[in-house]
Amino acid sequence: MSIGLFDSGLGGLSVARAVRAALPYRDLIYLADTAYCPYGPLPVEQVRTRSLACARWLVGRGARVVVVACNTATSAAVELLRTSLAVPVVGMEPGLKPAVAATRTGRVAVLATSGTLTGERFARLVERFGARVEVRTVACPAMVRLVEAGELAGPYAASVVAGYVAPLVADGVDTLVLGCTHFPPLRALIAAAAPEATIIDTGPAVAAQTARVALAAGGRAGATGDAGRLTFATTGDPLSVAPALARVWGESVDVERAAC
Ligand code: DGL
């Protein structure tokens, strides 16, 4: 039984990495919807259509659990996926609750996409957990582009990240929520721009939830002694995606084309 994950592009690899650590013996199939990346500025209806196409492709490839490794797609489409698919769906949302618990200055910032930040789910999250703190929201599309280009280090990437983060720090924000899966791969640069800040990434929590759901969905933990198979696919051009994917994933892998 394999676990399928999708994102608009390479950001969800940060979630796949955490799922891999939690469930090393399970087969994972990762789909990057590169042909439609970024999701952040797309109309909600289109993100829904793409999310359903990606999730169905994963199920067609044998996924028995689908992880929406994208905050924007979760915001737009998780209910639709849950009612449309016959397999369990794990979604994700910005870690505002742990951020509120961590802040000392009472100022937290959520870095995400415009799609996530303007969605109803996020409004409900702020209503639920954000009442006693100041919640700043910052859409960071240039950080998404950095990760899609596999540019995770260097002076240009550092200046893009600092351009978003430094003004928040100057305003007394002490807790940064990585509300987009493209941002954990830039964590070192974010930490360099905000050395005192607490950084919240929900990837590990999503992985723990995925492990619970996978166990409940059947099959043993999969401890056969062999590492699970990893499959990477893109709706874009595999040859041009592969180098950036290797940089974000940390090693060279084969990338196949997904027609969906
Ligand atoms: N990785 C995505 C997220 O978590 C979306 C980035 C994008 O495609 O704009 O929201």
Side-chain angles (χ1 to χ4, degrees), residues 5-19 37-42 44 47-48 51 67-79 81-82 89-144 146-147 161 164-165 167-169 171-187 189-191 193-194 197-210:
L5 306 97
F6 76 91
D7 177 41
S8 60
L10 304 179
L13 290 169
S14 61
V15 180
R17 168 75 59 211
V19 170
C37 188
Y39 280 179
L42 290 185
V44 174
V47 177
R48 283 196 185 121
S51 298
V67 180
V68 187
C70 175
N71 292 269
T72 313
T74 300
S75 167
V78 75
E79 285 91 2
L81 298 184
R82 288 191 172 127
V89 176
V90 178
M92 60 192 303
E93 61 188 11
L96 187 58
K97 188 181 175 191
V100 168
T103 182
R104 298 225 167 87
T105 60
R107 287 186 182 167
V108 310
V110 180
L111 312 180
T113 68
S114 53
T116 297
L117 296 173
T118 56
E120 270 171 44
R121 279 179 84 87
F122 186 69
R124 285 203 299 270
L125 196 68
V126 174
E127 221 172 81
R128 197 157 158 222
F129 298 114
R132 296 206 319 276
V133 300
E134 186 184 329
V135 181
R136 301 276 181 95
T137 57
V138 189
C140 309
M143 279 166 46
V144 174
L146 285 177
V147 173
V161 170
Y164 290 118
V165 171
L168 297 168
V169 174
D171 278 354
V173 167
D174 70 346
T175 307
L176 298 170
V177 178
L178 307 186
C180 169
T181 54
H182 278 72
F183 303 161
L186 298 169
R187 188 175 181 135
L189 297 180
I190 295 168
T198 302
I199 296 173
I200 311 272
D201 169 18
T202 48
V206 172
Q209 174 65 3
T210 303

Criterion side chain to side chain contact (heavy atoms under 4.5 Å, CB included) on V110 and R136, from CA distance to verdict: CA-CA 6 Å; V110 180; R136 301 276 181 95; over 6 Å; no
CA sep, side-chain torsions, deciding dist, call: L168, L111, side chain to side chain contact (heavy atoms under 4.5 Å, CB included): CA-CA 11 Å; L168 297 168; L111 312 180; 3.8 Å; yes
Stepwise side chain to side chain contact (heavy atoms under 4.5 Å, CB included) check, V67 with V15: CA-CA 9 Å; V67 180; V15 180; 4.2 Å; yes
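Annotation for F129 and V100: closest pair O-CG2, 3.3 Å, computed over non-hydrogen atoms. Closest heavy-atom contact between C140 and V138: SG-O, 3.5 Å. Minimum heavy-atom separation, G91 to V206: O-CG2, 4.3 Å. Of all heavy-atom pairs between L125 and P94, the closest is CD2-O, 3.3 Å. Closest non-hydrogen pair, C37 versus S8, comes out as CB-O, 3.2 Å. Across all their heavy atoms, A102 and T198 have their closest contact at CB-CG2, 4.1 Å.
Applying the side-chain contact (heavy atoms from CB on, under 4.5 Å) criterion to P141, with sequence neighbours excluded, gives A139, R145, Y164. P38 is linked by a side-chain contact (heavy atoms from CB on, under 4.5 Å) to P41, V144, counting only residues two or more places apart in sequence or in another chain. In terms of the side-chain hydrogen bond (donor to acceptor under 3.5 Å, both in side chains) criterion, residue partners of E79 (sequence neighbours excluded) are, by chain and number, R121. Contacts of E120 classified as salt bridge (charged side-chain N to carboxylate O under 4.0 Å, His left out), with partners at least two apart in sequence or in another chain: R124. Residues forming a side-chain hydrogen bond (donor to acceptor under 3.5 Å, both in side chains) with T74 (at least two apart in sequence, or on another chain): none. Every residue meeting the side-chain hydrogen bond (donor to acceptor under 3.5 Å, both in side chains) condition with D174, not counting sequence neighbours, appears here in chain and number order: T103, T105. Not counting sequence neighbours, A123 has no partner by the side-chain contact (heavy atoms from CB on, under 4.5 Å) test. R17 is linked by a side-chain hydrogen bond (donor to acceptor under 3.5 Å, both in side chains) to nothing, counting only residues two or more places apart in sequence or in another chain. Considering only residues two or more places apart in sequence or on other chains, R82 meets the side-chain contact (heavy atoms from CB on, under 4.5 Å) condition with V78, V89.
Interatomic distance, F6 CZ to S51 OG, rounded to the nearest 0.5 Å: 4.0 Å. Atom CG of L5 and atom CG of L13 lie 9.0 Å apart (nearest 0.5 Å). Note that the CD atom of Q209 and the OG1 atom of T202 stand 12.0 Å from one another [nearest 0.5 Å]. Residue L10 holds its CG atom at 12.0 Å from CG of L146, rounded to the nearest 0.5 Å.
Annotation: side chain of T137 is in contact with side chain of F122 (closest heavy-atom distance under 4.5 Å). Between V90 and V68 the shortest side-chain heavy-atom distance does not fall below 4.5 Å. Looking at heavy atoms from C-beta onward, V108 lies in side-chain contact with L96 at the 4.5 angstrom threshold.
A salt bridge (charged side-chain N to carboxylate O under 4.0 Å, His left out) check over residues 96-117, counting only residues at least two apart or in different chains, returns the pairs R107-E134.
A distance-only check finds no donor-acceptor pair linking the side chain of D171 to the backbone of V173 [under 3.5 Å]. For the pair R48 (side chain) and A77 (backbone), a donor-acceptor distance under 3.5 Å is absent. With hydrogens and angles ignored, the 3.5 Å screen pairs no side-chain donor or acceptor of T116 with any backbone N or O of A112.
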Could you pull out all donor-acceptor pairs under 3.5 Å where a side-chain atom in residues 176-184 meets a protein atom, sequence neighbours excluded?
residue: T181; atom: OG1; partner: A69; partner atom: O; Å: 2.9
residue: H182; atom: NE2; partner: G11; partner atom: N; Å: 3.4
residue: H182; atom: NE2; partner: E148; partner atom: OE2; Å: 2.7

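Judged purely by distance below 3.5 Å, without hydrogens or angles, the side chains of S75 and T72 never pair a donor atom with an acceptor atom.
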